[in-house]
Structure formats: C-alpha cells, structure tokens
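See below for the structure under consideration.
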Amino acid sequence: MTEAIEFSDADYADIFQIEKIAAAGGGLFEDPYPIWAELLAKAPVHKGTLAECMGFPAERTGEAFSVSGRTYYSVLGFAAASDVFTRKNDFSNLAYVEMGVPDFLGDTMLTMDGLRHRKYRNLVQEYFQPDKAANWWKGRVIEDLIDELLTSFESQESVDLNSQLFARVPLHTITKGFGLTVSEGLEFHGHMLESAQAGESQKALEARGRAGLVLQNAIQDRQARPREDLISQLAHADLEEEDGKIRKLTVEEIEAFCRLIVFGGSDTTWRQMGIALFALLNHPEQLADLIADRSLMETTILESARWYPQPLFPRRVTRDTQLHGVELPEGAHLQLCLAAANRDPSRWNDPDSFDIHRPFRRSLAFGAGAHSCLGQHVARMELTVALNAMFDRFPNMRWDPSKPPPYLTGSLIQRGPGELHVLLH
Ligand code: HEM
C-alpha cells in the first residue's frame, strides 16, 4: 500500500467534512440560492454583509467576514463583481489583511497589491501555466495518483467518492508538487486546520508553529539539494526588491507560500470535484453525452464551477467611489457573492440549471484580474483526469439507493458535498 491510500477513510472524512468546516465559518445554510436570486433581482449591490442582506445577523457570514464597526456592501451582479476584480485602483486585497488572514497564512501574494503582488506571483507562475498542468502536474503527479486510488476500490460494489477519492486527490497533488511526503502533507494540513479553528488564541499560534516545523526540514533540505519540485523552486528563486536588489526568499516567506497554496488548492478543489460529480449523476442524460464525447469535458468542468462555485470573496474600497450606482466610502469592505454573480440572468439564460451544452461564457468561479486563481489549470487538470478515469473504468456509475441521498450544503463562504455514495458496476 502506498501513502496515497494508507490513511483511513475516517481520517479523510474527519478533515474533509463540509458540515464541520461550515460550523467554524458562520454555520450551515441549506440552500441560499433563492434568496440570492431575489436580492440580485432588486439590485446588483446592497449595503450590509451578505448575511445581513439575507435577513440574518452579520456574524452568520463568518467571524472574519463580519468585523464590528466596519461598513459592508454585498455585490451580487456579474458585471459589478467583475468590475471590482479589475478596478485595481479602487479595490484592494488589503481586505484580507484587515480580516486577519496574515495571522494565519503569513505575508502572501493574496494579501498584496500592485507591483509587489506581481513580483511574488511571478516567482511561481511558471509552475501553474496550462502547459505545466498538462505535462508536469498531470504526468508526474495526477495520473498515477488517480489510477492508484481507483484501483484501491475498484472491486468494491459501493464507495463514498467524497472520502475515498475527492478528499485525497487535491491534497496529495499539491503535497507531491511541493516534494513533501503524504504524511508530511496531512500533518501540515491538520495543524493548519487546528490553527484556523482556534481563532486568534495562543493555541492557534502553537498549531501554526507545529505546521511550520513540518516544512522547515524540507525547505532546508531543498536549499542545500534542489530537486524538481515547488519548494526547490521557491528556495532558489530570485526576488527583486523595490530598490532593485535581488535576494532569495526567507524560510518564513517560503512557508507562507506553502500555506497559501495548500489552503488555496486543496479544499477548494476537493469541493469542486464533488460538486461536478453531484451535478453529473443528477443529470444522467448529460452524463451519457459526456461519456460518449469527452471533448465536452472542459466545458462540463467550467459549467459545474459556474453553477456552484465557492461563494464569497472580499475586497476593500481604497478611495471613495461608485459601483453600479452605489456610493462606496473609502475603507468599506465588499463581499463579492460569486455564487449569485455566476447565476446572473442578464448573462446566462435559465442560470439555475446545470447545462453542459449551454454556450460557454466565462464565469467568476476562479475570480478575475490580477489575483485570479493561480492554480486553476492544475485544479481543472485534476478534475479532468479524475472524471475521465472514473467514467472509463465505471461507465455504469450511479447513486447508491441504499445510502442517504447525496446533497450540497455549507456556509456562506464554503460550500460542497457531503458523502457521495455510488454503485460502481
Ligand atoms: C476548483 C478549485 C479552485 C477554485 C474554485 C479556486 C478559486 C479561486 C478564486 C476565486 C481565487 C481569487 C481570490 C481573490 O481574488 O480574492 C483564487 C485565488 C488563488 N488560488 Fe485558487 N481555486 C481553486 C484551486 C486552486 C489550486 C489547485 C491552487 C494551487 C495549487 C490555487 C491557488 C490559488 C492562489 C495561490 C490564489 C491567490 C492568487 C493571487 O492572489 O494572486 N487555487 N482561487
């Protein structure tokens, strides 16, 4: 047995459980989409946190998204949210700093703006280009991993794809890309989760320290003996400072990169994989079309991300400005509801329907502008390889009627599937 499968389903079910994650982030909302549609029908931009606009107390958006004393606006229209992502002189990622993200992740590209952001992002951009996803990530990491995981359960009649496949693929992919062992990756992820759930306490700091220790050995090793992996890339990259001086990243800066990429890339991709499967198995006629014609795969993945994305991302207003007729004061925080924007009826016909045949129009599932998702080509490659391999091996895959019906749920920040029990043969 290799590392990808030696941890039990219970280990994964414990780390990757949507209800547990939602409880730490404002609590569960069964189906917020009808309320979002009503709000969007009234206006694209509303005053208040997303929870307040929906008629709930502000804190139901989650602690970090509802700091008292701050003015909030929620953006639900596609054109308005796109404007916020691209009007970089009016809107800034400093929102993440004020929400305390650096206490958890450190100083990362997510919390930087302008030239500094570009310089940091450029240090790793090469590893996340489409050709690198199609060759390096796919050939070196993703294909073997998925093949091995499918083989581990192919003789079973019924499996829970959430814990047996989807929870494992993204974390293992990134861990291997970094050049860490899987047990190091899981240990790191576990300490970071503990730190996130402990808020701003001493316990959070200690957990973050333990996560750091896991990485420090690997970083020191790659500083001395570079290999072909992301940690080596970071350990030997040249960063140009504002005064033009060139220097290497510190160990703390490399750790911060790793924290961001593990967190940005594992939980989001895990949930989107389950969402894509959920949508396909609930639309058997579209699934049959996809199985027969794999050239539909790319639009299928993008449609599932449009239909049910990770819902909420923040920005800070950097100077008094207007957004689609609403005056925004400097210092206000915006909550961009990508889930509502991705179902804006002014951009998509019948937007609530999942339809792999609809004419393609870019959604905001991976953001837009300078901070658009760094790992989107890797995420899409993980989804492509996983879905293709599953439907090659198990073309009769269907829901297991003896198990509780699958569902999507979550908070206003993170949404995804519960258990996904399928019959394989
Ligand atoms: C389907 C899975 C994924 C989704 C839906 C997703 C979504 C997003 C979104 C919406 C943003 C923009 C955040 C903002 O502008 O505030 C973002 C940024 C980011 N994502 Fe992803 N992501 C996914 C997978 C990944 C993967 C696999 C990685 C890394 C391997 C990754 C790394 C990042 C990083 C580093 C950023 C920050 C980029 C920057 O600030 O310049 N993501 N992601």
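Residues: numbered from 1 along the sequence shown. Each ligand, and each atom within it, is numbered from 1 in the order the structure gives.
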Sidechain N-carboxylate O distance under 4.0 Å for [X], [Y]:
X: Arg247; Y: Asp238; result: no
X: Arg315; Y: Asp90; result: no
X: Arg316; Y: Glu330; result: yes

Dump all N/O pairs between ligand 1 and the protein below 3.5 Å as a table: atom names plus distance, one pair per row.
from: ligand 1; atom 1: 15 (O); to: Arg315; atom 2: NH2; distance (Å): 2.7
from: ligand 1; atom 1: 16 (O); to: Tyr96; atom 2: OH; distance (Å): 2.6
from: ligand 1; atom 1: 16 (O); to: Arg315; atom 2: NH1; distance (Å): 2.8
from: ligand 1; atom 1: 40 (O); to: His371; atom 2: ND1; distance (Å): 2.6
from: ligand 1; atom 1: 41 (O); to: His117; atom 2: NE2; distance (Å): 2.7
from: ligand 1; atom 1: 41 (O); to: Arg121; atom 2: NH1; distance (Å): 2.8
from: ligand 1; atom 1: 41 (O); to: His371; atom 2: ND1; distance (Å): 3.4
from: ligand 1; atom 1: 42 (N); to: Gly264; atom 2: O; distance (Å): 3.2

Parallel, tilted or perpendicular: which fits the ring planes of Tyr33 and Tyr308, with parallel below 30° and perpendicular above 60°? tilted
Compute whether any side-chain donor of one residue and acceptor of the other, for Arg87 and Thr321, lie under 3.5 angstrom apart. yes
Within 45° of the six-membered ring axis of Trp348 and under 6.0 Å from that ring's centre, is NZ or CZ of Arg306 located there?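 Yes, Arg306 and Trp348 form such a contact.
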